[in-house]
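Starting from 1, each residue takes its place in the sequence as its number. Every heavy atom of this structure was used, including side-chain atoms; hydrogens, water molecules and symmetry mates were not.
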Amino acid sequence: MDVDSVLVDVDSGVALITVNDPDRRNAVTDDISIGLRHAVSDAQSDPKVHAVVVTGAGKAFCAGADLSALGSAAEDGLRRLYDGFIAVAECTLPTIAAVNGPAVGAGLNLALACDVRIAGPAALFDARFQKLGIHPGGGMTWMLQRAVGPQVARAALLFGIRLDAEASVRHGLALEVADDPVAAARELAAGPASAPRDVVIATKATMRATYSPGSHDSGLHAAAVDTELGPQATSIRAPGFAERLAAARRK
C-alpha cells in the first residue's frame with residue numbers, strides 16, 4: 001500500500017483524514033480504499049480522537065472509483081474499491097465530510113458515508129453513474145435517498161442532475177457552505193472533541209439504532225450494497241462499457 005495515498009493528522013481530538021492523490025483527483029484505488037479503512041480503524045482505536053473529518057487533497061474531494069480499476073473489476077473488485085468509504089460509514093465516531101471540490105460517483109458515496117457534509121464554494125455533488133452506463137453501487141441508492149429524499153435522489157440517479165454547493169444545502173445534502181470547509185469541519189468537530197468520548201460514541205450508536213426502529217442503519221446500508229452489486233457488475237461487463245470509460249477519460 002502507498003502509505004501517502006491517505007494522510008492522517010490528529011489535532012485537538014479530531015482526526016483529519018485526507019485522500020491524497022490530487023493528480024488523479026483523488027480517484028479511489030485499492031490502495032486508497034485500504035488506506036481509508038486503516039485510517040478509520042486507527043481513529044477509532046485512539047482514545048484521544050473523538051471525531052473524524054474526511055477531505056481530499058488539491059481541488060477535488062474525490063473523482064470516484066479509479067476507472068481503469070473499475071473497468072476490470074467484478075463483484076470482488078467492486079467490494080474492495082468500496083471498502084474504504086464503507087469503513088467511514090461504519091465509523092463509531094462522528095464523521096464530517098469537508099467537500100472541497102467535486103464529489104463524483106464513488107466520491108459522492110464517500111461524502112454520503114459521513115454524518116455531516118460541509119461544502120466548499122467549489123463543491124459539486126455528481127452521481128455520474130448513469131452517464132457512464134454504470135449501475136449505482138456501494139449503497140448509493142439507499143444513502144442518497146436517506147440524505148435528500150426520493151425525488152432529489154431520483155433526479156440525481158435517473159436524470160443526472162448535479163448539485164453545486166448552494167443547491168446541496170438547499171436540498172439538505174450539505175449542512176452549510178464554507179469558504180474553508182476543513183476549517184469549518186474542525187470547528188464543528190470541536191463539539192464532540194470536548195465531550196466525553198464514551199457519550200459521543202453511545203449517542204451516535206443510539207441514533208443509528210433509532211433512525212429505522214427494528215434495524216440498524218449499517219445493516220440497511222449493507223443490504224443496499226448487496227442489492228446493487230449484481231446489477232452494477234453486469235453493467236460493467238456490458239458491451240460498450242470500455243468505450244464509455246475511454247470517452248470519460250478524455251473529458
Point to revise | Nearest non-hydrogen partners of Ile96 and Ala185, listed with the distance | key: CD1-O, 3.4 Å
Exercise for review: Examine distances only and state if a side-chain atom of His50 and a backbone atom of Ala195 form a donor-acceptor pair shorter than 3.5 Å.
Suggested key: yes
Review point. Asn109 side chain to Gly137 main-chain N or O, any donor-acceptor pair under 3.5 Å?
Key: yes
**Study point:** ILVMFWY cluster, Val28 and Val104 together (side-chain gap under 4.5 Å)
**Key:** no
Practice item. Consider only side-chain heavy atoms of I, L, V, M, F, W and Y, link residues closer than 4.5 Å, and tell whether Trp142 and Leu144 are in one cluster. Key: yes
Exercise for review: Kindly say whether Ala202 contributes a backbone atom to a donor-acceptor pair with the side chain of Thr206 at under 3.5 angstrom?
Suggested key: yes
**Study point:** Salt-bridge present (Arg186, Asp180; N to O < 4.0 Å)
**Key:** no
Practice item. Look at atom CZ of Arg146 and say whether more than 12 heavy atoms of other residues, nucleotides or ligands are closer to it than 6.0 Å. Key: yes
Check your understanding: If every non-hydrogen atom of Pro192 is compared with every non-hydrogen atom of Ala51, which pair is closest and at what distance?
Key -> CG-CB, 3.8 Å
Point to revise | Hphob cluster co-occupancy, Leu220 + Leu157, side-chain heavy atoms under 4.5 angstrom | key: yes
Check your understanding: Do side-chain atoms of Arg117 reach the backbone of Ala111 as a donor and acceptor pair under 3.5 angstrom?
Key -> yes
Review point. CD of Glu166: more than 12 outside heavy atoms within 6.0 angstrom?
Key: no
Check your understanding: Is a side-chain donor-acceptor pair under 3.5 Å present for Tyr82 with Gln232?
Key -> yes
Study note, to complete from the structure: dist Leu124:CG -> Leu163:CG (nearest 0.5 Å) comes out at 8.0 Å
Practice item. Flag the pair Met143 / Phe85 as yes when at least one side-chain heavy-atom distance between them is below 4.5 Å, and no otherwise. Key: yes
Review point. Do side-chain atoms of Ser235 reach the backbone of Ile134 as a donor and acceptor pair under 3.5 angstrom?
Key: no
Check your understanding: Are the side chain of Glu187 and the backbone of Ala183 linked by a donor-acceptor contact shorter than 3.5 Å?
Key -> no
Study note, to complete from the structure: Minimal heavy-atom distance between Pro102 and Lys59, with the atoms involved, is CD-O, 3.6 Å
Point to revise | Min side-chain heavy-atom separation Arg79-Asp226 under 4.5 Å | key: yes
Practice item. Check whether any side-chain N or O of Glu176 sits under 3.5 Å from a backbone N or O of Ile118 as a donor-acceptor pair, and report yes or no. Key: no
Review point. Looking at Ala43 and Val52, what are the two nearest heavy atoms and their distance?
Key: CB-CG2, 3.9 Å
Revision key, fill the gap. Smallest heavy-atom separation, Ala165 atom then Gly120 atom, equals CB-O, 3.3 Å
**Study point:** Note, Val19 side chain near Leu110 side chain (heavy atom, < 4.5 Å)
**Key:** yes
Point to revise | Contact check, side chains of Lys204 and Asp115, non-hydrogen atoms, under 4.5 Å | key: yes
Practice item. For the residue pair Ile86 and Val225, establish whether any side-chain heavy-atom pair is separated by less than 4.5 Å. Key: yes
Point to revise | Pairwise distance CG(Asp21) to CG(Asp31) - rounded to 0.5 angstrom | key: 9.5 Å
Review point. Any donor-acceptor pair under 3.5 Å linking the side chain of Asn20 with the backbone of Asp4?
Key: yes
Check your understanding: If you round to the nearest 0.5 Å, how far is CG of Asp66 from CG of Asn26?
Key -> 12.0 Å
**Study point:** Hphob cluster co-occupancy, Phe61 + Val177, side-chain heavy atoms under 4.5 angstrom
**Key:** no
Check your understanding: To the nearest 0.5 Å, what is the distance between CG (Leu78) and CG (Asp83)?
Key -> 12.5 Å
Check your understanding: Got more than 12 heavy atoms from elsewhere within 6.0 Å of CZ, Arg162?
Key -> no
Exercise for review: State, yes or no, whether a side-chain contact exists between Glu90 and Arg37 at a heavy-atom distance under 4.5 Å.
Suggested key: yes
Point to revise | Any donor-acceptor N or O pair under 3.5 Å, side chains Thr55, Asn100 | key: yes
Review point. Taking the side chain from Gln44 and the backbone from Thr92, do they hold a donor-acceptor pair closer than 3.5 Å?
Key: yes
Review point. Atom CE of Met140 and atom CD of Gln145: how far apart are they, to the nearest 0.5 Å?
Key: 11.5 Å
Review point. CG of Asp198: more than 12 outside heavy atoms within 6.0 angstrom?
Key: yes
Check your understanding: Do the side chains of Leu173 and Leu112 get nearer than 4.5 Å, heavy atoms only?
Key -> yes
Point to revise | CG on Leu36 to OG1 on Thr18, rounded to 0.5 Å | key: 10.0 Å
Review point. Does the pair Leu93 and Ile201 meet the rule for a side-chain contact (heavy atoms from CB on, under 4.5 Å), with working shown?
Key: CA-CA 6 Å; Leu93 300 168; Ile201 291 173; 3.8 Å; yes
Check your understanding: Can you find a pair of side-chain heavy atoms, one from Thr227 and one from Thr141, that are under 4.5 Å apart?
Key -> no
Check your understanding: Quick one: hydrophobic cluster around Leu158, which other residues, with the 4.5 Å side-chain cut-off, linked directly or via members?
Key -> Phe159
Practice item. Grab the two heavy atoms, one from Ala27 and one from Ile32, that are nearest each other, plus how far apart they are. Key: O-CD1, 3.3 Å
Check your understanding: Side-chain heavy atoms under 4.5 angstrom apart, residues restricted to Ile, Leu, Val, Met, Phe, Trp, Tyr: same cluster for Val54 and Val99?
Key -> yes
Review point. Under 4.0 Å between a Lys/Arg side-chain N and an Asp/Glu carboxylate O for Asp11 and Lys48?
Key: no
